[in-house]
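Below: one structure in structure tokens.
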Amino acid sequence: MTVRRRFWLMKSEPDCFSIDDLERVGTEPWTGVRNYQARNFMRNGMRHGDGVLFYHSNCNPPGIAGVASVASDAYPDPTQFDRTSHYFDPKATREEPRWFNVDVRFERKLSRLISLEEIRGHADDLGDEFALIKRGSRLSVMPVSSAQWSLLLSLESAR
DNA sequence: GCCAACGTTGGC
DNA sequence: GCCAACGTTGGC
């Protein structure tokens with residue numbers, strides 16, 4: 001039985017960790033996600049091999065900078081147990097971990113940044129429920145349909 | 001740096 | 001369970 005590949009968008013602040021950083025290290029454990037909705041997408045939805053749009057946030061201009069892939073199934077985020085970590089969570093236990101992460105693997109940089117502004121220009125095709133352009137949404141990990149995936153990547157060579 | 005919008009915490 | 005206070009996100 002084949003499991004259909006799913007698609008995701010993951011945000012990262014390039015000052016903190018950019019697509020170039022991901023290219024350098026190859027694969028990165030996506031630790032530190034402390035939002036339940038984002039956690040649920042990683043823990044319950046992501047499968048090894050899924051496609052990832054790597055989005056640069058909190059920068060100028062924000063937008064999709066590259067393509068990555070999910071390189072593991074979800075596992076307990078080790079930083080929740082690390083007292084020295086910024087992401088330490090005193091309520092998490094090894095028996096009942098609260099936070100999970102996947103590994104993210106570099107695939108390629110886009111030939112140009114697909115900016116948020118440009119993405120907004122295709123809101124009609126992307127749909128109202130696309131969290132990236134939904135008003136007030138701050139989700140850092142979100143699902144992308146195969147139609148949205150194709151549309152967004154088609155913009156790379158669209159001009 | 002500002003601040004709107006959202007999520008979480010914790011007292012009650 | 002309510003909700004005020006606080007913290008965070010992230011575009012601008």
Side-chain angles (χ1 to χ4, degrees), chain A residues 6-25 28-46 50-70 74-104 106-107 109-145 148-149 151-156 158-159:
Chain A
R6 299 172 190 171
F7 303 102
W8 309 92
L9 182 144
M10 300 174 86
K11 295 180 183 176
S12 184
E13 301 192 13
D15 286 349
C16 181
F17 191 83
S18 70
I19 189 71
D20 292 317
D21 294 322
L22 185 61
E23 179 170 27
R24 197 171 308 118
V25 299
E28 178 75 2
W30 210 254
T31 57
V33 171
R34 292 296 180 267
N35 170 279
Y36 287 106
Q37 211 177 344
R39 178 204 70 178
N40 291 344
F41 285 134
M42 282 202 294
R43 188 185 61 183
N44 309 336
M46 286 191 180
D50 285 356
V52 174
L53 297 171
F54 194 97
Y55 179 89
H56 281 175
S57 66
N58 200 15
C59 57
N60 191 15
I64 298 167
V67 178
S69 63
V70 176
Y75 56 91
D77 181 339
T79 63
Q80 70 193 305
F81 308 124
D82 178 359
R83 291 184 177 282
T84 67
S85 170
H86 175 68
Y87 298 112
F88 176 67
D89 184 341
K91 292 181 180 169
T93 64
R94 301 213 176 247
E95 294 69 33
E96 278 188 81
R98 183 182 284 199
W99 306 110
F100 289 79
N101 69 281
V102 296
D103 294 341
V104 174
F106 177 82
E107 296 294 337
K109 281 179 75 169
L110 296 194
S111 56
R112 67 183 187 88
L113 185 93
I114 308 299
S115 72
L116 178 61
E117 182 183 20
E118 185 174 356
I119 293 167
R120 284 219 169 95
H122 296 269
D124 286 350
D125 295 324
L126 290 166
D128 292 341
E129 293 311 304
F130 189 40
L132 185 68
I133 52 176
K134 202 170 177 179
R135 177 186 146 86
S137 172
R138 301 176 312 182
L139 255 189
S140 63
V141 176
M142 68 191 73
V144 173
S145 71
Q148 289 165 338
W149 173 272
L151 170 62
L152 290 166
L153 287 179
S154 76
L155 300 178
E156 183 184 10
R159 73 177 181 205

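Just so we're on the same page: letters track the sequence lines, and every chain starts at 1.
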Worksheet entry | Interatomic distance where CZ belongs to Arg98(A) and C1' belongs to dG7(B) [whole Å] | 13 Å

Fill in: Side-chain N,O (Tyr55(A)) to OP1/OP2 (dG11(C)) below 4.0 Å
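Yes, within the criterion.
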
Item to complete: Report the distance from atom CD1 of Ile64(A) to atom C1' of dG11(C), rounded to the nearest whole Å.
Response: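 Going from CD1 in Ile64(A) over to C1' in dG11(C) covers 16 Å.
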
Item to complete: With DNA chain B as reference, determine whether Asn58(A) or Gly136(A) sits nearer its 5' end, using the nearest nucleotide of each.
Response: Asn58(A)

Worksheet item: Can you check the Lys134(A) NZ to dG11(C) P distance for me, whole Å?
Response: 17 Å

Worksheet item: Between Lys91(A) (NZ) and dT8(B) (C1'), how many Å, whole number?
Response: 9 Å

Practice prompt. Looking at every strand, decide which applies to Leu132(A) at a 4.0 Å heavy-atom threshold: base, sugar-phosphate, or nothing.
Written response: nothing

Worksheet item: Arg34(A) CZ to dG10(C) P: how many Å, rounded?
Response: 15 Å

Worksheet item: The side chain of Asn35(A) lies closest to which of these nucleotides: dT9(B), dG7(B), dC12(C)?
Response: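 Comparing dT9(B), dG7(B), dC12(C) against the side chain of Asn35(A), the answer is dG7(B).
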
Practice prompt. May I have all residue pairs that pass side chain to side chain donor-acceptor pair (under 3.5 Å) and include part of residues 126-135 of chain A, sequence neighbours excluded?
Written response: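 Residue pairs with at least one partner in residues 126-135 of chain A: Glu129(A)-Lys134(A).
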
Worksheet item: Heavy-atom distance under 4.5 Å between the side chains of Asn101(A) and Tyr75(A), does that happen here?
Response: yes

Worksheet item: Under 4.5 Å between any side-chain heavy atoms of Phe100(A) and Asn40(A), yes or no?
Response: no

Practice prompt. Starting from P on dG11(C), measure out to CG on Leu113(A) and report it in whole angstrom.
Written response: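 It works out to 11 Å between those atoms.
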
Practice prompt. Rounded to the nearest angstrom, tell me the gap between atom OH in Tyr87(A) and atom P in dT8(C).
Written response: 11 Å

Item to complete: Between Leu116(A) and His86(A), name the one whose nearest nucleotide on DNA chain C is closer to the 5' end.
Response: His86(A)

Discussion item. Under 4.0 Å from OP1 or OP2 of dC3(B): is there any side-chain N or O of Arg138(A) that close?
Written reply: no

Discussion item. Once rounded to the nearest 0.5 Å, what's the spacing between atom CD1 of Ile19(A) and atom CD of Glu107(A)?
Written reply: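 So the CD1 of Ile19(A) and the CD of Glu107(A) are separated by 9.5 Å.
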
Fill in: Nucleotide dT9(C), atom C1' - distance to CD of Gln37(A) in whole Å
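Nearest whole value for this atom pair: 14 Å.
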
Practice prompt. Using only side-chain N and O atoms of Lys11(A), determine if any of them is under 4.0 Å from OP1 or OP2 of dG10(C).
Written response: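 So the side-chain polar atoms of Lys11(A) do come within 4.0 Å of the phosphate oxygens OP1 or OP2 of dG10(C), strictly under.
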
Practice prompt. Compare the minimum distances between each of dG11(C), dA5(B), dG10(B) and the side chain of Arg135(A), then state the nucleotide with the smallest one.
Written response: dA5(B)

Worksheet item: Trp30(A) vs Phe54(A) aromatic rings, parallel, tilted or perpendicular, using cut-offs 30° and 60°?
Response: perpendicular

